[in-house]
Structures are given as C-alpha cells and as structure tokens.
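These numbers come from a predicted model, not from an experiment. Throughout, a chain's letter reflects where its sequence line sits, starting with A, and its residues are numbered from 1.
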Amino acid sequence: MSMILIWLLITVACYGAVIGTAALMTFAERKVSAAMQYRYGPNRVGPFGLLQPLADGVKFIFKEEVIPAGANPWIFKLAPILTALPAMLAIAVIPFTGVIGTFEGTEVLGSIANPEIGILYVLAVTGVGVYGAILGGWASNSKYSLLGGLRASAQMVSYELSLILAVLAVVATTGSLNLHEIVAGQSGWFGWNVFSQPLAFVLFLVCSYAETNRHPFDFAECEPELVGGFHTEYSSMKFAMFFIGEYTAMVVMACLTTTLFFGGYLVPFWADAPWWMGLIAFGAKTSFFLLLFIWVRWTLPRFRYDQLMHLGWKVLFPLALINIFVTGLVISFGPGAN
Amino acid sequence: MSEQTTQYKPSITIADQQAAAGKGAREFMMDVRTTDLEVNMGPQHPATHGVMRILIRADGELVTGAQPHLGYLHRCAEKIGENVEWLQYLPYTDRYDYLSSMNNNLGYSLAVEKLLGIEIPRRASMIRTICVELNRIASHLVAFGTYGLDLGAFTPFLYCFREREWLLMLFEKICGARLTYSYLRIGGVFNDAPPGWLEEVEQFCDVFDEKWVEYRDLLMMNHIFIKRTADIGVITPEQALDFGLTGPMLRGSGIDWDLRRDMPYMLYDEIWKAGVYQIPLGSGAQGVLGDCWDRVYVRVQEMVESIKIVRWCLANIEPGPTIAELPKVLRVPPGEAYVGIENPRGELGHYLVSDGGKVAVRCRVRGPSFCNLPILEDIMPHTFLADSVAIIGSTDVVIGETDR
C-alpha cells in the first residue's frame, strides 16, 4: 500500500516538476528575450512578473472557443491533445535522479517508471507528437493551417531518422536501452557520452530543435508567411494545449539531451553523491539546454522548409550513418572489443 | 500578367460539389484533380507590412503566380493637393510614405520653390540635408529590421528600433513630431535647430557607426540569412530598367543611378564633388546580381553613406536664417515644375502646375513604392511560399504611398 503511495508521490513530483518547468519556460522565454533585446519583459504580475504564466492560463480559459466553419470538429479537438499528450507521456521514463532509497526491499528510483526499453519508448511516444500539427492543420479548413500541417509532415520525415540514428550510436556505446543504465554508463573522468559521441550529440541537438518545432525550424507555425501555421484557427485552451505541448516537449528534449550525452544526474567529480545532489545536477544541466533553446530562437533567422529537408537528408542523415558505422567499427574491433 | 492570375476562380465550385454528391464517392475520387492553391496574403497579414493584398497561386509550396492588389489605403492625396492652399498641402505629403516624411516634405517644397524661383538660405539647406539623411537612416532601419523579422530573426529588429528611437527623439526635439514632421517648409525649415541638437546628431553618428557593424555581422552575414536571400527574387538589370525601378531596388541590380548625384538638388552636387559619399551598388556578392541579399545590403550600406553626408553637413554648417521671406498667403507664379528627389525607396517626383492662384491646378505625385511594386508579379512565380515573404520584404514598399 505504502509502496503505491511512494510511487504516486514520485509521479506527482515528476509531472509537477516538468509541467511547472514548462510553464516557467514561457515566462523565461519572455524574460530572456527581453534581456537580449533591451526590454523589461513581463514584470507586472507577482514579484518580477513570476505569476505571468498563471495569468496567461487564466486568460486562455476565459477566451472564447472558436471552431471554424467547415472544420472537422472531432479531429479539430483531437489535435491539441495529440500534441500535448506524447510529450507528457515521455516524462514517465526520464531519470531525474538515481536511487533515492530502499523501501520494503525495492529500490526507489528517481523516475516514474524504469522499463528496459526506456529510450525506445521515448522515441516512439514523441514521434506521435507531430500528428497533432498535421491533423490540426488539416482539420482547420484553412489554407494557412493546411500548409503548416504539410510542412510539419515534411519536417518529420527529414529529421526523425537522423535523430534516431544519433540515439542509436549512444545505445551502441552503452549497450542498453534503459535510461538509468545509459546514465550509469557515463560515470568517471570524461565518461559523458558527449566526449565519446560528439557528432551524435550535435546531430541530436539539431534534430531536437526540429522535433520540438523550435526556431530555426519552426516552419509549421512560421508566422510571417503562414500567420500561425497549424494553430492559426485555434483559440482558448486548445491553443494553450498546443503551447503546453510545445514547451513540455522542449523540457523533455532538454532532459533527454542531458540524460543521453551529459551524464544525466551524475555529479562531476563526486561519484557517490546523494540523490538530491543528483537532482540539482540534473536540473542545472537541463536548464542550460533550455536556455540554449531560447538563445537560439532569439538569435537566428529561420530556415526555409526545403532547406531543412536538404539539411536533414543530405547532411544530417549521411553524417549519422557514418557516425553509427564508425561507432560500430570501434565497438567491434576497437581497444575495448572482446 | 498571366491568364491564371487575372481573375479569382475558386478551384472547386459549388456546382462541382453538387455534381459530386450525385455520384458515388468512388466516381468522385476519379474526378479529383489537383488544382493550384490560392492563398490570399493580406490585406491583414503579418508579411505585407501594411494593408497590401497579394493573391498568390501556389502549387503546394511553389508559387506559380502572384498578383498585388492595391487601394486599401487610398486617401485621394493628389486631389487634395488641387484643393488646398500650397502651404496647407504640406502635412498631406507626410502621409504618403510615413517612414520618410522628411523626404516627402522636401520633394514637395522643392517643387513649389522651383515654381516660385526663390533662393533658400544655406543653413536651411544644411538642416534639410541633415534631416533628410537621418530620415533615410530611420527608414532603412525599419526596412532592414522588419526584413529580419520576415525571415524569423526577431532580435535584430528590436536593435534597429533602438537606434530608430534615438532618431525619432532627435526629430521630436527639432520639430515636435515623431512621424509626420511637416518640418521642411516651402522656403526653408520651420525653425532653427534647438541648442545642442547638432551635437547630439554628431553623438548619434558616432554610436551608429559602431552599431552598423553589429547589424551587418548579426544579420547580413548570417549563414541562414544568406541562404534565405541569396539567389532569391533576382531582378536582372534589364528587368529593373524595364519596370522603371528606382532607389535601392534599381541599385541592387547593379545600375548606378542616384538622383542625388545624377539630378542634383539642394547641396548634393557640392557634397558629391567634395567626395563625401559613394553610391553603394549590388554586386552579387553572395549569389546572383540583383537578388534579395543585394537589395538589402544596398540599404544597409546606404545608412553609412548617409552618416557621412550628415557629418559633412555638421562640419560645414554656419549660422544664418533658416527660412526665406515669403508672404503669408502664397501665390505661385503660373507655370509647371517637376522635381524628383531620392527618397529612401526611390524617386519621389512632384509635378505641380500653377495658374497663379492659391491652389495648384495639378498636383501629381510619382511614388517610388507604387512604381517598384509591379515587379513582384514577375519575380515571385517559381519561388517557394517562404521566399515570397523574403521578396516582398526586399522591395520595401510602404503601402501608404502605393495608394496615397
């Protein structure tokens, strides 16, 4: 009984942390961009404007729900859910910290679930996320939305293969799909996968920007030509769902980058750190990648969508293949081969 | 103008749908044919910088036809010019191209002054030149900043507006208005520069020289920016001449034509002969001659050239009167005059006819944006939809002036 309580506690804590971070990211996005652009950013609601996400949420709830004429209402309503859900499901396997303690003979880990196929599960679940954009764009009965949805699908086929191949290289070096084991495999001096797999890291980072529909790859919602892209016709909480989905996906991708390449919850130079130190280390590393998301967004212009396809198929994909080939060679015939 | 773009025709008509409803779904599927998508960009659209409407035919993402529609901001400026007194028309000139009001004031004033045949005090001409060139910078900052915005770079836009803000403060100090100045009057300028103003302009020039490098490195030389603009929307020199393009659009295609040098007015002849400034031309440095990048880079370089002109004026300005003696009610001698000036967007011409009365008989305006716009129809087909935004942005049209 009490094991279930602990499990519930961890679930609530993990979801609360990630969705809270996602909400704070909307705030951070505006504050950081303001700092980059000589502005103040939101500073009216609460201390330093910290309650701004809350105020935004309340505003969204009070907005009118509009379903455009000629739209397919069921798919129109399904699309925001399909965007928000996968990102939230992916949270379930992310290892926020190591072993917290032993309870009734079972180890309590710092993640909601610890399946053996952790990373496979994440890839499978986040892959569904793009359907939200496609279906939303198609169901809106708007040309701009349709084009946004088309772009989202074109984007998906161009980056996802490279993303998976980049992850595969990590999996090959670690020899496990379990995220906790991937983290454990990165201990020691220069043990982080970013040192052994620098190319995979770069590929993963680039693809994660495309995965989350972020600048410079945010064609699906590219505002200059497509107004809002797939979410042009959405209002109220349905629009907010797209937003929550996008920001949660960002947090998840930052967590994954940390887990796969930067040693996850491992504290550098402190092998037997307590679990709460691991949590802090994980938070710090993830925060850096979240900041990078914002930094890139407010610095770079946007690619053209065919240029992403070009990048995806002619640059990232061959590089990913070469990377996995070389990784395979090193594992089979390299110094550590058996 | 191609056949398809002349008229709006829905791709699947109601009759088609009714006919399809009568048949089975299977037969309908047999009838399905792919048609071009018609995207109506504007009048309310983030990319059109105003109430311009462009009807785009797209085959998926590929633009097959584009047709600009005008007239959403028409305010009968020319007709008003034939109904109000000479001096009263001046504020209306502010409103054609609201980003370069000083230039518009200048164009009209010069045309009336040509009819009057009066001499302008030298200090007035100096202040005019300073204001006009600062206004050119302010206008190009908007063009450049919003161009970055069109391509998804938000921050350079706000950096540009930071400098523009300073310029608007300077204008506010000299004439009290931030956008519609009416400061350059017939016969000179409204008042002398307030104390300390010229020094502040000098300060601005110093700061801007540094900031300019920042803009160039942050946006113009950005790899993604170059990928998005080079080889896109190419206007060949022949095309540019055929369409009667002027200003940075023409110079971006490598044609050396600047009214400040080639049909000089005010002090520009003297300034050119002093070797103060050059005329930047498109060179095809990143792609083909006359592409979007060239046009935008011409504007960016022009900002520095304008700073040089301002510095020359600041060095050579002397005390004196700032407006010629003119009667309160202006009666312009009969005759006609055309004066074209180099507006930030090209040749702004005023053709005025007077019969000796208090109002003009004919007031015709040749607006650069209006003349630069039709080329869109030729250069937009066979580009991607995302490029259409880059191309519209690179023409830098101000809708207030295309419609007037």
Would you say that more than 12 heavy atoms from the other residues, nucleotides or ligands in this model lie under 6.0 Å from the CH2 of A/W138, or not?
no
What is the minimum heavy-atom distance between B/N40 and A/Y144, and which atoms define it?
O-OH, 2.7 Å
So which heavy atom on A/Q307 is nearest to which on B/R228, and how close?
OE1-CD, 3.7 Å
Do the side chains of B/L158 and A/R39 get nearer than 4.5 Å, heavy atoms only?
yes
Contact class of B/F225 relative to chain A, heavy atoms under 4.5 angstrom
both
Does B/M169, at its CE atom, have more than 12 non-hydrogen atoms belonging to other residues, nucleotides or ligands within less than 6.0 Å?
no
Test your reading of the model: is there a side-chain donor-acceptor pair from B/R162 to the backbone of A/Y38, 3.5 Å cut-off?
no
At a 4.5 Å cut-off on heavy atoms, which part of B/L219 comes close to chain A: side chain, backbone, both, or neither?
side chain
Give, for atom CG of A/D306 and atom CG of B/L62, the distance between the pair rounded to the nearest 0.5 Å.
9.5 Å
Side chain to side chain contact (heavy atoms under 4.5 Å, CB included) for B/K227 and A/F303? Distances and angles first, verdict last.
CA-CA 8 Å; B/K227 271 192 107 162; A/F303 274 102; 4.1 Å; yes
Is atom OH of B/Y98 surrounded by more than 12 heavy atoms (other residues, nucleotides or ligands) closer than 6.0 Å?
yes
State, with a plain yes or no, whether a side-chain heavy atom of A/T299 is found less than 4.5 Å away from one of B/N222.
no
Between the main-chain N or O of B/E38 and the side-chain N or O of A/K143, is there a donor-acceptor pair closer than 3.5 Å?
yes
Taking B/T155 for its side chain and A/Q37 for its backbone only, find out whether a donor-acceptor pair lies under 3.5 Å.
no
Residue of the set B/I224, B/I232, B/V389, B/T383 for which side chain to side chain contact (heavy atoms under 4.5 Å, CB included) holds with A/R304:
B/I232
Which atoms of A/L300 come close to chain B, meaning under 4.5 Å heavy atom to heavy atom: side chain ones, backbone ones, both, or neither?
both
